[in-house]
Number of protein chains: 2
Amino acid sequence: MSVPLYQAKAEMFRTLGHPVRIRVLELLQDGPRPVRDLLAEIDVEASNLSQQLAVLRRAGIVTSFRDGALVMYALSTPDVADLLAAGRRILGAVLTDRDGLLVELRSQKSSG
Amino acid sequence: MSVPLYQAKAEMFRTLGHPVRIRVLELLQDGPRPVRDLLAEIDVEASNLSQQLAVLRRAGIVTSFRDGALVMYALSTPDVADLLAAGRRILGAVLTDRDGLLVELRSQKSSG
DNA sequence: TTCGGACTTGCAGAAATCTTCATCTGTTCC
DNA sequence: GGAACAGATGAAGATTTCTGCAAGTCCGAA
């Protein structure tokens, strides 16, 4: 194997392993959005958001295109939503009640 | 939020973001196994494997128990299998053909 | 009760990741 | 052309993660 498969998988999961990147993906589940919007919802510096978006782009998880003065981002595949959903289920199973996070989790629809 | 939910999610994904840890989880999908077996299949030093197992344990993704002289590990929830499967699907969608990994991916049942 | 196998833990240097600052490109509007 | 907004990129210091080695614990057999 040139780049072992399990290493590619690990890289993909590591790509998701950042709070800002997770939030971006959750926001993009509802459809393409301009960086502008993401920035308004995520409380992070513009340059930092750009860095995180670049990570997601390099991994092929999101795609971007320009729409006039704005740059739009979108999930490259809707399968990402499944991954996030599966993650949510595991979190529910794993957090018996650490810090009351479980309660939050249960009351959440698909964002957060 | 004490520990924001999206941060807990990010931590969970980051926990999966390591080749050895991915391999461990894939092996555990078929049922509990002793460290001994994992070590025989994963080509990593014993102490390194132990470290990675500790990471998975701390995250609550696997559990361990002693069976005589051996220590057994198991997935803490079968939902983990869903997560790995979702990851595999995304990899398939994302790797149009980088390094021919796509071919490997297609010929794989559930391990690798 | 001592030996060897099966793991785990502590630790330190090496490597990767994060965050922020400064700078740079592209677009719209005047 | 020039100002102002929307983003991206490069680089550096701080932090985190990884790896391997040395040492330690626990168990079964002799």
Side-chain angles (χ1 to χ4, degrees), chain A residues 3-4 6-25 27-28 31-76, chain B residues 3-4 6-25 27-28 31-76:
Chain A
V3 175
Y6 52 82
Q7 187 174 322
K9 289 182 190 172
E11 276 169 28
M12 199 202 50
F13 282 118
R14 197 168 46 212
T15 298
L16 304 190
H18 187 290
V20 169
R21 297 197 292 263
I22 286 287
R23 301 204 71 185
V24 166
L25 295 178
L27 290 169
L28 294 184
R33 276 168 173 271
V35 175
R36 208 178 201 297
D37 275 24
L38 302 174
L39 194 53
E41 306 214 38
I42 301 186
D43 189 42
V44 66
E45 285 205 6
S47 65
N48 195 336
L49 179 58
S50 255
Q51 297 276 8
Q52 307 310 333
L53 288 172
V55 171
L56 292 171
R57 237 188 304 122
R58 267 178 247 130
I61 292 176
V62 304
T63 56
S64 66
F65 54 95
R66 186 175 274 279
D67 178 16
L70 304 183
V71 175
M72 307 287 293
Y73 275 81
L75 298 185
S76 65
Chain B
V3 175
Y6 52 83
Q7 188 174 320
K9 289 182 191 172
E11 274 169 29
M12 200 203 49
F13 282 118
R14 197 168 46 211
T15 299
L16 305 190
H18 188 290
V20 169
R21 297 197 291 263
I22 286 287
R23 300 204 72 184
V24 166
L25 295 179
L27 289 169
L28 294 184
R33 276 168 174 270
V35 175
R36 206 181 200 293
D37 276 24
L38 301 175
L39 194 53
E41 305 214 38
I42 301 186
D43 189 41
V44 67
E45 286 206 4
S47 66
N48 194 336
L49 180 57
S50 255
Q51 297 276 7
Q52 307 311 333
L53 288 172
V55 171
L56 291 170
R57 238 188 303 123
R58 265 178 248 129
I61 293 177
V62 304
T63 57
S64 66
F65 55 95
R66 187 175 275 278
D67 178 17
L70 304 182
V71 176
M72 307 287 293
Y73 276 81
L75 297 184
S76 64

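Numbers restart at 1 for each chain; the letters A, B, ... are given by sequence-line order, proteins then strands.
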What residue pairs, at least two apart or across chains, pass salt bridge (charged side-chain N to carboxylate O under 4.0 Å, His left out) with a residue in residues 39-50 of chain A? Arg33(A)-Glu41(A)
Span of DNA chain D, from the first to the last nucleotide whose atoms fall under 4.0 Å of chain A heavy atoms: dA6(D) to dA11(D)
Integer-rounded Å distance: dT27(C) P and Phe65(A) CZ: 15 Å
Once side chain to side chain contact (heavy atoms under 4.5 Å, CB included) is applied, do any residues pair with Leu39(A), and if so which ones, sequence neighbours excluded? Val44(A), Ala46(A), Leu49(A)
What protein N or O atoms touch nucleotides 20-24 of chain C N or O atoms at under 3.5 angstrom, if any, and at what distances?
unit_1	atom_1	unit_2	atom_2	d
dT20(C)	O4	Gln51(A)	NE2	3.3
dC21(C)	OP2	Glu45(A)	OE2	3.4
dC21(C)	N4	Ser47(A)	OG	3.2

Going by heavy atoms closer than 4.0 Å, what residues in residues 68-75 of chain A are next to DNA chain D? Ala69(A), Leu70(A), Val71(A), Tyr73(A)
Please name all residues satisfying side chain to side chain contact (heavy atoms under 4.5 Å, CB included) with Pro34(B), sequence neighbours left out, ordered by chain then number. Arg36(B), Asp37(B), Leu70(B), Met72(B)
What is the distance, rounded to the nearest whole Å, between atom NE2 of His18(A) and atom P of dA16(C)? 18 Å
Taking only residues two or more places apart in sequence, or in another chain, which ones meet Gln52(B) in a side chain to side chain contact (heavy atoms under 4.5 Å, CB included)? His18(B), Val20(B), Arg21(B), Asn48(B), Val55(B)
Under the salt bridge (Lys or Arg N to Asp or Glu O under 4.0 Å) test, residues paired with Arg14(A) that sit two or more places apart: none
Is there any side-chain hydrogen bond (donor to acceptor under 3.5 Å, both in side chains) pair reaching into residues 61-75 of chain A, and which pairs are they, with sequence neighbours excluded? Arg57(A)-Tyr73(A)
Could you work out, with side chain to side chain contact (heavy atoms under 4.5 Å, CB included) as the rule, every residue matching Ala69(A), not counting sequence neighbours? none
